[in-house]
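None of these values were measured; they are calculated from a predicted model. Just so we're on the same page: letters track the sequence lines, and every chain starts at 1.
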Amino acid sequence: MNEMRLTEREDVTMAESKISARGVQVYYGDNHAIKDVDVDIQDKTVTAFIGPSGCGKSTFLRCLNRMNDTIDICRVEGDIRLDNEDIYDKRVDPVQLRAKVGMVFQKPNPFPKSIYDNVAYGPRIHGLARSKAELDEIVEKSLRRGAIWDEVKDRLHAPGTGLSGGQQQRLCIARAVATEPEVLLMDEPCSALDPIATSQVEELISELKENFSVVIVTHSMQQAARVSQKTAFFHLGVLVEYGETAQIFTNPRDPRTESYITGRIG
Amino acid sequence: MTDITHASPGRPNSILAPDDRTRRRNAAEARFRLYGILAIGVAILALIFLLTSVVRNGAGAFTQTYISLEVALPADKLDKNGNRDPAEMAKVSTFGYKPLIKAAIQDAMAAQGIAIDGLKKPESLVSEDAAAQIRNYVLAHPEVIGGSRTFDMLASGRIDGFYKGRVTMQSAERDSNVSPEQLRLADALKEAGLVETRFNWNFILWPDASENRPEAAGLGVAIIGSLYMMFVVLALALPIGVAASIYLEEFAPRNWFTDLIEVNISNLAAVPSIVYGILGLALFINFGGLPQSAPIVGGLVLSLMTLPRIIIPARAAIQAVPPSIREAALGVGASKMQTVFHHVLPLAAPGILTGLIIGLAQALGETAPLLLIGMVAFVRDFPAAPPEGLFDPATALPVQIYNWTQRSDPAFVERASGAIIVLLVFLIVMNAVAIVLRRRFERRW
Amino acid sequence: MAVGLITLIVLLIGAAGFVAGRSRALTTAGGDIRKLHSLPGYSGQAVLVFAVAPALILMAFWLVFQPLYVETRVAGMIDAADIAEGSSQNLVMSDVRRIATGLDAAIGQGVLSADDLARIHAAPDDIRSRLGEVGIAVGSDIRPGVLRAAEEYRRVTGMLRGAMSVAVIGLSLAGAAFAYTRLSPEFRARNVSETAVRMLLLLASCVAILTTAGIVLSLLFESAHFFRLYPWQDFLFNATWNPQFRGGSDLGILPLLWGTLYVSFVALLFAVPIGLMAAIYMAEYATRRVRSVVKPLIEILAGIPTIVYGLFALITVGPLLRDYFAEPMGLGNSSSSVMTAGLVMGIMLIPFVSSLSDDIINAVPQSLRDGSYGLGATKSETIRQVIVPAALPGVIGAILLAASRAIGETMIVVMGAGASAKLSVNPFEAMTTITVKIVSQLTGDTEFASPETLVAFALGLSLFVVTLGLNILALWIVRRYREQYE
């Protein structure tokens with residue numbers, strides 16, 4: 001796994017690991033869902049987690065901002081560090097952590113509020129705006145970064161649930177970036193979208209990596225190949241292989257990875 | 001867009017040290033959580049307060065003070081002609097027995113050497129019911145006439161209240177029904193072992209008693225009346241409710257008529273219970289000509305009221321039987337009707353039964369509709385055995401409670417609270433049976 | 001012949017038909033049941049159905065229409081002169097019915113012989129005391145015309161009853177014979193029996209419709225009667241409630257409506273925040289263990305009969321509020337008050353609000369919670385800003401249902417709110433509600449012709465309309481809400 005810097009592109013030259021995980025184990029009750037995973041995620045990079053369904057990629061993603069805390073029976077062991085600070089430390093407030101590590105979910109989940117209020121929700125609870133004007137500015141900027149501004153600028157006060165699926169998902173991305181996170185976790189963000197909406201979102205992801213470290217879970221290998229620089233392949237709760245996307249897809253080292261990308265398992 | 005920096009000014013870079021805003025937000029979080037705990041606390045405290053208040057007020061109804069006195073039964077007073085003819089003896093009314101009790105008390109005082117200044121009417125220590133008790137005994141056993149016999153007689157309500165803390169020497173000063181001297185006499189008799197307080201089965205077995213004899217009032221007629229009504233509800237609401245549930249779940253076509261039935265059922269479940277009382281009065285009594293105060297009318301009204309409350313859980317139970325069972329039965333050539341009665345209904349039975357018991361428990365505690373159909377009347381005679389007894393006047397447990405709260409003697413408050421304990425015991429038993437049924441037989445498909 | 005006896009005979013014919021039908025089915029198949037279309041038991045059931053169903057249906061119709069026929073016939077016999085002042089045709093008819101049943105009872109008990117009856121016109125006063133002996137009290141003196149009508153009533157009723165016995169039993173026998181002769185191995189007995197069962201099931205479902213119809217008709221009929229005696233404008237807009245037994249009553253619903261709404265408002269003020277917060281805590285914070293203890297405890301409150309709450313208000317809460325709040329604050333010295341009833345009713349409504357809200361909060365999809373937590377919101381922020389707004393329509397529906405429950409509640413207000421109808425804003429004053437007045441106007445010995453009694457039906461109608469409206473609205477809102485998340 002040390003070869004990962006072999007084919008660095010220019011935008012990852014200054015890369016150092018933003019999140020580093022060591023020996024992570026996750027249990028759902030008696031079920032050992034994630035087994036001893038080590039991974040380093042770099043800043044301003046898109047990292048894709050791929051693997052067959054049920055392999056634990058989403059579970060691992062949810063460990064990175066402690067979303068698993070909301071599930072009673074879930075238990076996480078091991079060491080996950082964000083900027084060298086242990087996120088499972090007792091002193092850490094998950095609320096503060098999640099402000100830094102935002103998340104976009106599989107199904108678009110806009111709140112039953114207006115488009116404006118959806119985006120303003122995060123900045124409001126985190127107190128990011130001192131005035132209405134500042135909040136307006138944040139909302140506009142976020143919607144622009146979500147690549148949906150032009151479509152909704154005339155109806156900011158219409159309900160967010162009235163948008164189409166692809167628009168809803170871009171709204172959710174805008175909502176997530178509005179809180180100024182440092183890392184953006186995306187859990188199969190395109191699985192509920194049609195191909196056109198998917199390509200819009202993929203384009204957006206590529207732009208987002210200018211400012212954020214993006215981690216995306218996907219079960220589409222083509223999507224991983226299109227948007228990511230790094231790819232991690234999970235199988236049965238184990239991180240089988242992690243490396244440059246190009247290398248994973250053209251020259252996998254592990255036979256299991258090869259079986260998966262050639263379609264023999266999955 | 002590149003001008004955006006990672007951390008905005010207000011945001012700390014470390015996640016290990018919470019900033020002010022996070023601390024404030026967490027404080028708000030803790031407060032909100034506290035409100036939730038407080039709300040639950042208030043609800044549970046109210047429950048505890050309610051139950052302790054009822055139990056504290058009502059526990060006294062289950063014990064009663066008795067005075068045991070040897071009563072002489074002279075033949076010249078009770079059977080003048082001496083031929084022990086029951087018809088002749090019955091001519092001596094309870095008034096004729098009162099002097100005997102008075103004499104018995106005076107004898108007991110003399111025997112124990114009790115003398116109390118200013119004592120008037122010592123016989124009012126004993127309940128007015130005692131004379132009737134002795135008379136009944138004498139009529140049943142004419143051979144005792146001429147001798148004497150020791151009777152355990154009910155103490156009057158005030159004396160009973162004295163030993164339960166309801167009546168004190170001070171309150172007796174102002175009370176026209178009891179005097180401090182009488183209380184002192186009671187204490188003296190207690191010293192002598194003639195007065196004792198013990199468990200009061202009569203409270204459950206005896207019928208109601210009149211306004212000035214709270215000590216003799218019991219729940220017998222009310223319990224029988226309630227049982228009769230539950231019997232009627234069971235006989236009507238169970239078959240009709242199950243039949244309606246089967247029809248709606250298994251046979252009903254999707255059309256306006258089925259919708260009409262559905263809408264009716266859900267609305268009937270929410271109609272105020274007193275409206276059912278009005279229905280009972282107008283339909284069964286005024287139009288149908290059934291008698292007032294009869295358990296049959298109460299049972300009919302409660303059946304109509306309980307019906308939607310049985311249908312709703314019964315439908316849920318039938319719905320919970322998986323379609324695979326129906327398909328399996330239809331697949332071996334059973335008709336739809338055979339499928340339902342041979343397979344679906346037995347599997348849904350525990351759920352239906354649970355709903356039924358809970359519906360019955362609700363019906364048992366219902367008061368308002370029964371007030372309107374005359375069940376609030378004063379009834380002292382036990383109704384006959386069913387089916388004729390269903391048409392005899394009776395009361396019901398909750399109505400009897402209401403009736404007692406409307407009387408002036410505070411001893412009836414104790415009776416009412418005691419009756420509530422009896423009612424709650426019935427309800428607890430019924431609900432416990434329902435819970436056991438659910439635990440033991442309910443399947444998760 | 002009594003209805004019960006006729007029913008019994010019909011059922012016996014049915015039972016005999018069942019046995020006969022079953023054995024005939026076996027005989028026609030030569031003892032080999034494989035040759036039969038349906039099992040022999042079904043043939044028996046088919047005979048039973050034909051024997052019982054038409055006969056009982058005929059009897060039901062007969063019983064409904066016979067009194068109508070007799071009444072119209074007898075009503076013609078009553079002269080205007082027989083209707084005393086202040087009375088009405090209806091009242092006289094009810095007297096006629098009472099005397100007729102009284103005569104039946106008197107003859108049944110041997111107080112009166114048939115010969116006496118023939119001579120009775122000579123001394124109508126005598127009959128009043130004779131009827132008294134069998135427990136039938138007749139209010140005024142019996143006029144000869146009324147007595148004649150009663151006798152005619154009795155005669156026609158008796159004649160028709162005899163005719164009914166013959167017709168019903170005859171039809172039963174004919175039905176049994178018809179089905180019996182049709183039995184053969186090819187006869188589709190199971191289909192006949194199943195159709196009959198299906199009809200029974202449908203009939204059982206219709207009981208709900210009949211009940212609603214019964215409620216609506218009895219309320220409308222008696223209310224119409226009331227509004228003929230008392231103007232509806234006064235009922236709706238008169239601000240005084242002051243029934244007099246000598247007539248000239250003021251029967252305005254306004255003070256009662258005010259009391260009802262005031263008590264319900266106090267109850268909701270208490271129950272909604274507590275019930276809602278309890279539901280939120282249980283749905284969002286409580287661990288499974290806490291929930292498994294607390295939820296049943298709160299639900300106990302829902303299982304306690306209202307009479308218990310009433311007694312609690314009467315002997316505990318009422319005196320407590322009076323001694324510690326009302327009297328020290330100089331707001332009154334009544335232990336029954338709007339506050340007493342409202343507070344206790346609030347306790348009763350807590351589990352109602354909390355279990356409805358619990359369901360509604362749980363119906364909010366988890367994805368919305370995830371979305372909010374993923375943005376770094378705390379639990380309370382998520383609840384207040386995402387879950388409650390999303391659940392709002394459902395919660396409003398739940399509150400409306402609770403309000404309808406509060407408005408229709410009877411025992412707590414009867415025992416806790418008092419009986420004096422007034423329009424006051426002091427919550428520690430005794431006030432009264434619609435349900436209290438329905439109870440007080442309809443209990444005890446009541447004469448069903450005076451507006452003071454009949455007003456109870458108009459009050460009941462108002463109550464029914466208000467609660468029904470609230471329920472329909474609430475159920476509609478809740479259904480819309482659920483569809484949104486399905």
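- Proximity to chain B (any heavy atom under 4.5 Å) is shown, for C/Leu470, by neither the backbone nor the side chain.
- For B/Pro308, no part lies near chain C; criterion is any non-hydrogen pair under 4.5 Å.
- Distance CD1/C/Ile438 to CG/B/Leu372: 7.5 Å, rounded to 0.5 Å.
- Comparing B/Ile428, B/Ile358, B/Val275 by heavy-atom pairs within less than 4.5 Å of chain C, the highest count is held by B/Val275.
- Between C/Tyr281 and B/Tyr35, the ring center distance fails the sub-6.0 Å criterion.
- Interface remark: C/Leu217 contributes no atoms to any contact with chain B (heavy atom separation under 4.5 Å).
- For the pair B/Ser266/C/Leu475, a side-chain contact is recorded, criterion being any heavy-atom separation below 4.5 Å from C-beta on.
- Residue with the most contacts toward chain B among C/Leu210, C/Ile280, C/Ile304, C/Ile315: C/Ile315 (heavy-atom pairs, distance under 4.5 Å).
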Residues C/Ile274, B/Ile40; criterion side chain to side chain contact (heavy atoms under 4.5 Å, CB included); working and verdict = CA-CA 7 Å; C/Ile274 291 183; B/Ile40 290 178; over 6 Å; no
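- Contact of the B/Glu366 side chain with the C/Pro305 side chain is not registered, since no non-hydrogen atoms from C-beta on lie closer than 4.5 Å.
- Proximity of C/Phe464 to B/Ile274: side-chain heavy atoms (C-beta onward) are nowhere separated by under 4.5 Å.
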task = Kindly determine whether C/Val308 and B/Val54 satisfy side chain to side chain contact (heavy atoms under 4.5 Å, CB included), including the steps that lead there.
result = CA-CA 8 Å; C/Val308 181; B/Val54 166; 4.1 Å; yes
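- Both the backbone and the side chain of C/Leu202 come within contact range of chain B, judged by heavy atoms closer than 4.5 Å.
- Inter-residue side-chain proximity for B/Pro369 and C/Thr410 is flagged as unmet; no heavy-atom pair is nearer than 4.5 Å.
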Trace of the salt bridge (charged side-chain N to carboxylate O under 4.0 Å, His left out) decision for C/Lys379 with B/Glu29 = CA-CA 7 Å; C/Lys379 261 194 161 163; B/Glu29 169 75 18; over 6 Å; no
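- Annotation: side chain of C/Ile215 is in contact with side chain of B/Leu268 (closest heavy-atom distance under 4.5 Å).
- Annotation: maximal heavy-atom pairing with chain C below 4.5 Å, among B/Ile278, B/Val242, B/Leu423, occurs at B/Ile278.
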task = Decide yes or no on side chain to side chain contact (heavy atoms under 4.5 Å, CB included) for B/Gln338 and C/Glu194, but give the supporting numbers first.
result = CA-CA 9 Å; B/Gln338 287 168 326; C/Glu194 287 186 351; 4.1 Å; yes
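- In this structure, chain C has a heavy atom under 4.5 Å from the side chain of B/Leu307, while its backbone stays farther away.
- With a threshold of 4.5 angstrom between heavy atoms, C/Leu297 approaches chain B through its backbone and through its side chain.
- Ranked by non-hydrogen atom pairs under 4.5 Å with chain C, the options B/Ala28, B/Ser335, B/Ala46 are led by B/Ser335.
- Between B/Ala270 and C/Asn471, the shortest heavy-atom distance links the atoms CB-ND2, 3.1 Å.
- With respect to chain B, the highest number of heavy-atom pairs below 4.5 Å among C/Phe312, C/Phe221, C/Tyr309 belongs to C/Phe312.
- Atom CZ of B/Phe378 has more than 12 neighbouring heavy atoms from other residues, nucleotides or ligands inside a 6.0 Å radius.
- Here the OG1 atom belonging to C/Thr211 is positioned 7.0 Å from the CG atom belonging to B/Leu279, to the nearest 0.5 angstrom.
- Each of C/Met415, C/Met411, C/Glu284 has some count of heavy-atom pairs under 4.5 Å with chain B, and the biggest count is that of C/Met411.
- Of the two parts of B/Phe341, only the side chain, counted from C-beta on, holds a non-hydrogen atom closer than 4.5 Å to a non-hydrogen atom of chain C.
- We find the CZ-CE distance between C/Arg198 and B/Met337 to be 7.0 Å, quoted to the nearest 0.5 Å.
- Between the OG atom of C/Ser205 and the CD1 atom of B/Ile265 there is a distance of 6.5 Å, given to the nearest 0.5 Å.
- No part of B/Glu250 comes within reach of chain C, as not one of its non-hydrogen atoms sits under 4.5 angstrom from that chain.
- Sparse packing is recorded around CZ of C/Arg405, with 12 or fewer heavy atoms of other residues, nucleotides or ligands lying under 6.0 Å away.
- By the 30° and 60° cut-offs, the orientation of the rings of B/Phe32 relative to C/Tyr285 is tilted.
- Contact between B/Arg25 and C/Thr378 at its shortest, heavy atoms only, is NH2-N, 3.8 Å.
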request  = Any chance you could lay out the side chain to side chain contact (heavy atoms under 4.5 Å, CB included) test for B/Asn267 and C/Thr212, step after step, and finish with the verdict?
outcome  = CA-CA 9 Å; B/Asn267 282 326; C/Thr212 311; over 6 Å; no
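- Using a 4.5 Å cut-off between heavy atoms, C/Ala271 does not touch chain B at all.
- Contacts of C/Val414 with chain B are made by side-chain atoms alone, with heavy-atom separations under 4.5 Å and no backbone atom involved.
- For the pair B/Ala39 and C/Met277, the tightest heavy-atom approach, listed with the atom from each and the gap, is CB-CB, 3.5 Å.
- Each of B/Asn26, B/Thr367, B/Ile311 has some count of heavy-atom pairs under 4.5 Å with chain C, and the biggest count is that of B/Thr367.
- Chain B forms the most heavy-atom pairs under 4.5 Å with one residue out of C/Ala278, C/Gly310, C/Ser404, and that residue is C/Ala278.
- The choice from B/Leu283, B/Leu50, B/Leu38 that makes the most heavy-atom pairs within less than 4.5 Å of chain C is B/Leu50.
- Using a 4.5 Å cut-off on side-chain heavy atoms (C-beta onward), C/Ser380 and B/Arg33 make no contact.
- Atom OG1 in B/Thr405 sits 6.0 Å away from atom CD1 in C/Ile307 (nearest 0.5 Å).
- Remark: B/Arg23 CZ is packed, more than 12 non-hydrogen atoms of other residues, nucleotides or ligands lying under 6.0 Å away.
- With a 4.5 Å cut-off on non-hydrogen atoms, C/Leu320 touches chain B through its side chain but not through its backbone.
- Nearest heavy-atom pair, C/Leu311 versus B/Ser417, reported as atom, atom and distance to 0.1 Å: CD2-OG, 3.5 Å.
- Interatomic distance, B/Asn431 CG to C/Ile300 CD1, rounded to the nearest 0.5 Å: 9.0 Å.
- Between C/Ile209 and B/Phe257 there is a side-chain heavy-atom pair separated by less than 4.5 Å.
- Residue C/Ile350 comes nearest to B/Ala43 through the heavy atom pair CG2-CB, 4.0 Å, listed as atom of the first residue, atom of the second, then distance.
- In terms of heavy-atom pairs under 4.5 Å with chain B, the best-connected choice from C/Ile298, C/Leu276, C/Leu301, C/Leu314 is C/Leu301.
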